[in-house]
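Just below is one structure, and these are the notes that go with it.
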Protein chains: 2
Amino acid sequence: MNRKLQVKIRRRLGMGFMIAQRAYIKLYLITMVEQHRGYGYEMLVAMKQEFKPYGYVPPQSEIYRALHELVQQGVLYRTKKLKGNDPKVDFQEIVLYHFTNDGAEKAELYKKQVKTDLDRCLNMLHKAVNDNYS
Amino acid sequence: MNRKLQVKIRRRLGMGFMIAQRAYIKLYLITMVEQHRGYGYEMLVAMKQEFKPYGYVPPQSEIYRALHELVQQGVLYRTKKLKGNDPKVDFQEIVLYHFTNDGAEKAELYKKQVKTDLDRCLNMLHKAVNDNYS
DNA sequence: TGATGAACAATGTGTTCATCG
DNA sequence: CGATGAACACATTGTTCATCA
């Protein structure tokens, strides 16, 4: 049965009816790591700023969960570092994220999968608009 | 605080990160009722057929849940009827759905809200494509 | 098997709390 | 307050079970 397989695959990739917030955030995190953009909290505020006009406020917990998952998946690894240059004045430890050896490759694959899902969602939404609004 | 209010409203309307499957299905059900398209099971198979090319299989339970909610919201009311013309051969009872007095009006309002959400989702998805794929 | 419905389980996400320097 | 993390609670959904005439 082809359909059963397809459902299985989508299940394995964690795809539901629409794209999951987690996947959406991961996509942005990957892009940010590609650009060597700082650490978790910075990415959080960056996304918050970025999405302000869209009325979407990415929750703090989701950002961290997404980062942890990307580490789990072997895409990223972590390094710790003191934020300030002078340890005497700033003890704040931050966590930086980098691609693992095959991380960039894995990331590309993941992005491809997400792209497929994004397109699928776009199709579904366009269809709904066409079908239900005259 | 304006943002808190906005979140509250979206919460009350059941809006999450992306549009909910329930809302999406409700939209189609309303349209089908507008077109006097049969009963629950028929709408289910119709949607299954309709979405086959999209790889989306609307679950049976969601259809019924959506119909029940529309009744709860006072948009639809139910009538029961025997499916076959001859009660001696076919005792299958089916449930037909119709708009209540102000049902059509309520439905229009709901559709407008969903449209807003659909557009918001489309924007978010387009943005993700633009931001993360070169 | 057609048709409707509900119970139950799992998952994703929002909220809150905890910690640390 | 910046930064990271986890606990907990809740809502939406998927799966399974139940029933009917």
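Here is how names work: the chains are called A, B, and so on, in the same order as the sequence lines, proteins then strands, and each is numbered from 1.
- If you take CD of B/Glu62 and C1' of D/dA11, they are 12 Å apart, rounded to a whole angstrom.
- A/Lys80 has its NZ atom 12 Å from the C1' atom of C/dT19, to the nearest Å.
- The CE atom of B/Met124 lies 11.5 Å from the CG atom of A/Leu125; values are rounded to the nearest 0.5 Å.
- Taking atom CE on B/Met43 and atom C1' on C/dG2, their separation rounds to 15 Å, with Å as the unit.
- Taking atom CZ of residue A/Phe17 and atom C1' of nucleotide C/dT13, one finds them 17 Å apart after rounding to whole Å.
- Contact of the A/Leu29 side chain with the A/Tyr97 side chain is not registered, since no non-hydrogen atoms from C-beta on lie closer than 4.5 Å.
- Within residues 63-72 of chain B, the residues having any heavy atom under 4.0 Å from DNA chain C are, by residue number, B/Tyr64, B/Arg65, B/His68.
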Response to the item:
Dot-bracket for DNA chain D, 5' to 3', Watson-Crick and G-U pairs with both distances under 3.5 Å, [ ] for crossing pairs, | for partner on another strand, reads .|||||||||||||||||||.
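- Put simply, CG on B/Leu82 is 13 Å from P on C/dA3, counting in whole angstrom units.
- Surrounding CD of B/Gln72 are at most 12 heavy atoms belonging to other residues, nucleotides or ligands under 6.0 Å away.
- Among the nucleotides C/dA3, D/dT13, D/dG5, the one closest to the side chain of B/Tyr39 is C/dA3.
- The phosphate of C/dG14 (OP1 or OP2) has a side-chain N or O of A/Gln21 nearer than 4.0 angstrom.
- Using a 3.5 Å distance cut-off with no hydrogens or angles, the side chains of A/Tyr54 and B/Asn123 do not pair a donor with an acceptor.
- Residue contacts for B/Tyr24: at a heavy-atom cut-off of 4.0 Å it reaches no nucleic acid atom on any strand shown.
- Atom CD1 in A/Ile94 sits about 7 Å away from atom P in D/dT4, given to the nearest Å.
- Atom CD of A/Glu105 sits in a sparse spot, with 12 or fewer heavy atoms from other residues, nucleotides or ligands closer than 6.0 Å.
- Summarising the geometry, atom CE belonging to A/Met43 is positioned 12.0 Å from atom CD1 belonging to A/Ile25; distances are rounded to the nearest 0.5 Å.
- Taking atom CD of A/Glu42 as the reference point, atom P of D/dG2 lies 12 Å away to the nearest angstrom.
- Pairs passing the salt bridge (charged side-chain N to carboxylate O under 4.0 Å, His left out) check and including a residue from residues 38-50 of chain A, sequence neighbours excluded, read A/Glu50-B/Lys127.
- Nearest to the side-chain atoms of A/Tyr41 among the listed nucleotides C/dG2, D/dG2, C/dG5 stands D/dG2.
- The base of C/dT13 has none of its N or O atoms less than 3.5 Å from a complementary donor or acceptor on the side chain of A/Ser61.
- Between A/Ala107 and A/Phe99, the closest heavy-atom pair is CB-CE2, 3.7 Å.
- Protein atom CD of B/Gln60 is 13 Å distant from nucleotide atom C1' of C/dA7, rounded to whole Å.
- In this model, no donor atom of one side chain and acceptor atom of the other lie less than 3.5 Å apart for B/Tyr24 and B/Glu62.
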